[in-house]
Amino acid sequence: MSLLDIAGLDVVLGGKSLVRGLSFEIGEGELLGLVGPNGAGKSTLVKAVAQLLEYRGEIRFQGRPLNALSARERARCLAYLSQEDPVQWPISVRDLVGLGRHPYRGSWWRGAGRSGTGDLEAIESAMRLTDVWRLRERRVTELSGGERARARLARVLVVEAPLILADEPVAALDPRHQLQVMQLLRSACQSGRGVLVVLHDLTLASRFCDRLVMMDRGELIATGTPTEVLTAENLARTYGVRAVMGEHDGQGYVVPWDTSEPLRS
Ligand code: ADP
Ligand code: MG
């Protein structure tokens, strides 16, 4: 069974149609990359899946409409990493990551805020995986952009949700941490979870994702394996670039090299 089914999704914001008729699914254990140029509607789509925007069409999680789940159920089944960094208050990295355990804690009148041993283990493990363990006492407002991005990712991983939505999680990271984060998302899938990840780095998309969805101007342009989606024609049509493409160690790479006239239909 697919983990997430999106059928005929439409999102209209401020009178503008930002996502039009999008349909695709994410299977259990699948790492699905969402690619497309700036303004294509990727973040809008991800926010709709996270139930942060109104939409028309169906979004089903394990066969059930996502908007029919209670807020608490939803908070346990999907974890969302936004593209914008909303962390403006000076809490420690450890406390930020701890917020990700909130869906498992009792209501405040039953002792909210108390962390069980399982919580503490999950929090430490997520901080170690994202390489922020040594930063755990630091205030998030005093970290570099990349360090903060990793702390935010730890907060998402600690939810241990079956579905992870990550909007440009590697945009601020150095090459080593980009690879680490992609490996992390890959290994999250090995336990049967599904991941939807927005990426601009087409080599990372090609190497790490099982399948890609390419969007432009609110519409689906192509879906399939990275090789099927990242064709010279699709890259020219959506991004207006020519790319150097090849294979290394049996994996594809795509390096945008030159601008080209976008093939607008
Ligand atoms: P992407 O993530 O692919 O770069 P977005 O989903 O953020 O694109 O935005 C898609 C388009 O929707 C852009 O043209 C953007 O300007 C527009 N947009 C985003 N938010 C709003 C909004 N609240 N009201 C109107 N237009 C918006
Ligand atoms: Mg975006």
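One-based numbering, in listed order, for ligands and for the atoms of each. Quick note: numbers below take in every heavy atom, side chains included, and nothing from hydrogens, waters or symmetry partners.
With rounding to the nearest 0.5 angstrom, the CD atom of E228 is 12.5 Å from the CE atom of M214. Distance OG1/T223 to CG/L212: 8.0 Å, rounded to 0.5 Å. The distance from the CZ atom of R136 to the CZ atom of R128 is 7.0 Å, given to the nearest 0.5 Å.
Nearest protein heavy-atom contact of atom 18 (N) of ligand 1 is L18 CD1, 3.7 Å. Of all protein heavy atoms, the one lying nearest to atom 21 (C) of ligand 1 is L13 CD1, 3.8 Å. Distance from atom 10 (C) of ligand 1 to its nearest protein heavy atom, with residue and atom name: G39 O, 3.4 Å. Atom 26 (N) of ligand 1 has K16 CE, 3.5 Å as its closest protein atom, hydrogens excluded (heavy atom only). Closest protein heavy atom to atom 8 (O) of ligand 1: G41 N, 3.3 Å. Among all protein heavy atoms, the one lying closest to atom 7 (O) of ligand 1 is S43 CB, 3.7 Å. Annotation: atom 6 (O) of ligand 1 to nearest protein heavy atom, T44 OG1, 2.5 Å.
Scanning both residues, L78 and A50, for their nearest heavy atoms gives CD1-CA, 4.1 Å. Closest heavy-atom contact between V49 and I59: CA-CD1, 3.8 Å.
Residue contacts to the Mg ion (ligand 2): T44 brings no N, O or S atom closer than 2.8 Å. Metal site remark for the Mg ion (ligand 2): N38 contributes no N, O or S atom at a distance under 2.8 Å.
Heavy atoms from other residues, nucleotides or ligands lying under 6.0 Å from CZ of R139 number 12 at most. Counted within 6.0 Å of CD on Q83, heavy atoms from surrounding residues, nucleotides or ligands total more than 12; the atom is thus considered enclosed.
Listed by number with element, the atoms of ligand 1 under 4.0 angstrom from any heavy atom of N38 are 4 (O). Ligand 1 places these atoms under 4.0 Å from at least one heavy atom of P37: 3 (O). The contact set between ligand 1 and A40, taken as ligand atoms under 4.0 Å from a residue heavy atom, comprises 1 (P), 3 (O), 8 (O).
Both the backbone and the side chain of K42 come within 4.0 Å of ligand 1, counting heavy atoms alone.
Using a 4.0 Å threshold on non-hydrogen atoms, atom 15 (C) of ligand 1 does not count as touching the protein.
Judged by distance alone, the side chains of R152 and S82 do bring a donor and an acceptor atom under 3.5 Å apart.
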Evaluate salt bridge (Lys or Arg N to Asp or Glu O under 4.0 Å) for E160 paired with R101, printing each intermediate quantity in order. CA-CA 9 Å; E160 296 175 342; R101 297 304 292 175; 3.4 Å; yes
